[in-house]
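See below for the structure under consideration.
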Amino acid sequence: MIEISFIIPVYKNTVEEIDKCIASIKKQNIEKYEIIIVNDGSDDENIENYFLKKTHQCDSIIYLSQKNSGSAVARNNGLEKAKGEYVFFVDSDDQLADNFYGYFKKIEKQETDIMIFDYSNWNQEVENVITLNQKMNFNNNKELLFSSVMFNNSIYNGFMFGAIWGKCFKRIFLEKNELKFRDKLRKSQDRMFMLESYFYAKKIEYFPIQEYRYRINDNSICRQMNMNMIDYYYELFIEMSNFCIKNSITMDSFKYLTYGIVSEMLPLTIFHIDNKEKYKEKKKLYRKISIKFKFEKELENLCFKDFNTLTRKIKFFLYKYRLFFILYLYFHFKQKKERKKSFKK
């Protein structure tokens, strides 16, 4: 019986990144496991040749290829092939933490639908481990998880409950509840998947054990300007709102949703440093977005005490009082500083 299935979507990654990711799994010395690689339409022949060679060398690696359809479709295709008792989702430029499996073996026999672990954020200069420091059980207080998934960054100092990485899922739990990634969501489908997973899970536990190493990549496609993000985020907004209403999730849990979605989307569109539209056009589009998402109305559900840092309070103040020009300058100089720092590396 296969113990663990690792599902890894691949798109526009280097062979070196993918090789390090796979190596971090193989060196865990898991007796029975499978690594399911799903190539999401990458036309890089080096990657194709790399995996054809890898599958011949290692029976534990399964290689699938699909036309470019997004990571949601890729992960769903991986889930259909998965045979492991447990499922881990891994991004192709990230890695598993050293010696994680040794700790996992001690807890795996617990009948837990979702296990949540510590993780680190790292780049070539630094690695910071993110932890809650103590074992916790969220079964009697799922509202905190819901709120965190729906962009409340104040909960547990922004611990990433909304990411699929750093989690372990019982495969039978996913199948029983027909949990899959929503194909039409091209952005933040992790959050929708985690919201549904937490909602249906009977037992959720957190363990203060580092499982994952999340690579910080300043040049990631997720940080590039993409005006399609407006539609992508709107789809997420509709899906999450409908799910909350349908399942009677309280307003306190999703009152950050609109604010979180819009404030995350704007730096990738209107306020992106590469957006060369005239200032007046940007301001006009900002107004259209506010109407589309009912942004100003939703701002009325929030107040300063809902934000736990001075930076977040100031940003909320700028949005609330429509100080568009200051927002424009803030994001411009913030991205300029980040780009300069990235260039120096």
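The structure displayed is predicted, hence computed values, not measured ones.
- Residue Y214 is tested with W122, Y119, W165, F117 for a ring pair (Phe, Tyr, Trp, His ring centres under 6.0 Å); the sole match is W165.
- Open room surrounds NZ on K297; 12 or fewer heavy atoms of other groups in view lie less than 6.0 Å from it.
- Atom CG of N177 sits in a crowded spot, with more than 12 heavy atoms from other residues, nucleotides or ligands closer than 6.0 Å.
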Salt bridge (charged side-chain N to carboxylate O under 4.0 Å, His left out) between E111 and K202, worked out | CA-CA 10 Å; E111 291 301 314; K202 301 296 184 192; over 6 Å; no
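- In this structure, F304 has its ring center closer than 6.0 angstrom to the ring center of F316.
- Within the 6.0 Å centre-distance limit, the rings of Y279 and F324 are counted as a close aromatic pair.
- Aromatic rings of F151 and Y256 (six-membered ring for Trp) have centroids beyond the 6.0 Å cut-off, not under it.
- In Q110, the CD atom is crowded: over 12 heavy atoms of neighbouring residues, nucleotides or ligands sit closer than 6.0 Å.
- For CG of L132, the number of neighbouring non-hydrogen atoms (other residues, nucleotides, ligands) closer than 6.0 Å is greater than 12.
- Note on R75 versus D40: no salt bridge recorded, every NZ/NE/NH1/NH2 to OD/OE distance being 4.0 Å or above.
- Taking CE of M240 as the start and CZ of R182 as the end, the distance is 9.5 Å to the nearest 0.5 Å.
- For the salt bridge (Lys or Arg N to Asp or Glu O under 4.0 Å) with E281, the lone residue among K278, K284, K283 that qualifies is K284.
- In this structure, F325 is a member of the same hydrophobic cluster as F317, with clusters built from ILVMFWY side-chain heavy atoms closer than 4.5 Å.
- Because its NZ or CZ atom is not both nearer than 6.0 Å to the ring centre of Y328 and within 45° of the ring axis, K282 does not count as a cation-pi partner of that residue.
- A distance-only check finds a donor-acceptor pair linking the side chain of Q28 to the backbone of A97 [under 3.5 Å].
- Between Y156 and Y206, the gap from one ring centroid to the other reaches at least 6.0 Å.
- Smallest separation of non-hydrogen atoms from H272 and Q224: NE2-C, 3.7 Å.
- Taking the six-membered ring wherever Trp is involved, the centroid distance between the rings of F169 and F193 falls below 6.0 Å.
- Proximity of the aromatic rings of F88 and Y33 is defined here by a centroid distance below 6.0 angstrom, and this criterion is not met.
- For the pair S147 (side chain) and E143 (backbone), a donor-acceptor distance under 3.5 Å is absent.
- Taking CG of N77 as the reference point, atom CG of N39 lies at 11.5 Å (rounded to 0.5 Å).
- Cluster membership check: I270 shares its hydrophobic cluster with Y321, using side-chain heavy-atom separations under 4.5 Å among Ile, Leu, Val, Met, Phe, Trp and Tyr.
- Atoms OG and CZ, on S263 and R312 in that order, are 10.5 Å from each other to the nearest 0.5 Å.
- The nearest pair of heavy atoms linking M194 to V149 is CB-CG2, 4.3 Å.
- At a cut-off of 3.5 Å, with distance as the only test, no side-chain donor of Y101 or N29 sits close to an acceptor on the other residue.
- Residue F331 places its CZ atom among more than 12 non-hydrogen atoms of other residues, nucleotides or ligands, all under 6.0 Å distant.
- When all heavy atoms of I155 and S148 are compared, the closest pair comes out as CD1-N, 3.8 Å.
- At least one cation-pi condition fails for R213 and F100: the charged atom is not both under 6.0 angstrom from the six-membered ring centre and inside a 45 degree cone around its axis.
- The closest donor-acceptor contact from the side chain of N123 to the backbone of V126 lies under 3.5 Å.
- How far CG of N157 is from OG1 of T131: 11.0 Å, rounded to the nearest 0.5 Å.
- Residue I2 is not grouped with residue Y86 when hydrophobic side chains (ILVMFWY) are merged at heavy-atom distances under 4.5 angstrom, including chains of intermediate members.
- The shortest non-hydrogen separation linking N13 to I47 is O-CD1, 3.1 Å.
- Closest of all the heavy-atom pairs between S241 and L257 is OG-CD2, 3.6 Å.
- F199 and F243 have their aromatic ring centers within a separation under 6.0 angstrom.
- Counting only distance, with no hydrogens or angles, the side chain of N152 and the backbone of S154 share a donor-acceptor pair below 3.5 Å.
- You'll find the ring centres of Y319 and F295 inside the 6.0 Å limit.
- Atom NZ of K20 is separated from atom CD of Q95 by 7.0 Å, given to the nearest 0.5 angstrom.
- A donor and an acceptor atom, one from each side chain of D19 and Y50, are located under 3.5 Å apart.
- M265 and T269 get closest at one heavy-atom pair: O-OG1, 3.1 Å.
- In this structure, L299 is not a member of the same hydrophobic cluster as I291, with clusters built from ILVMFWY side-chain heavy atoms closer than 4.5 Å.
- With rounding to the nearest 0.5 Å, the separation of CD1 in I4 from CD1 in I35 is 10.5 Å.
- L285 and I273 fall into different hydrophobic clusters, where Ile, Leu, Val, Met, Phe, Trp and Tyr are joined by side-chain heavy atoms under 4.5 Å apart, directly or via other members.
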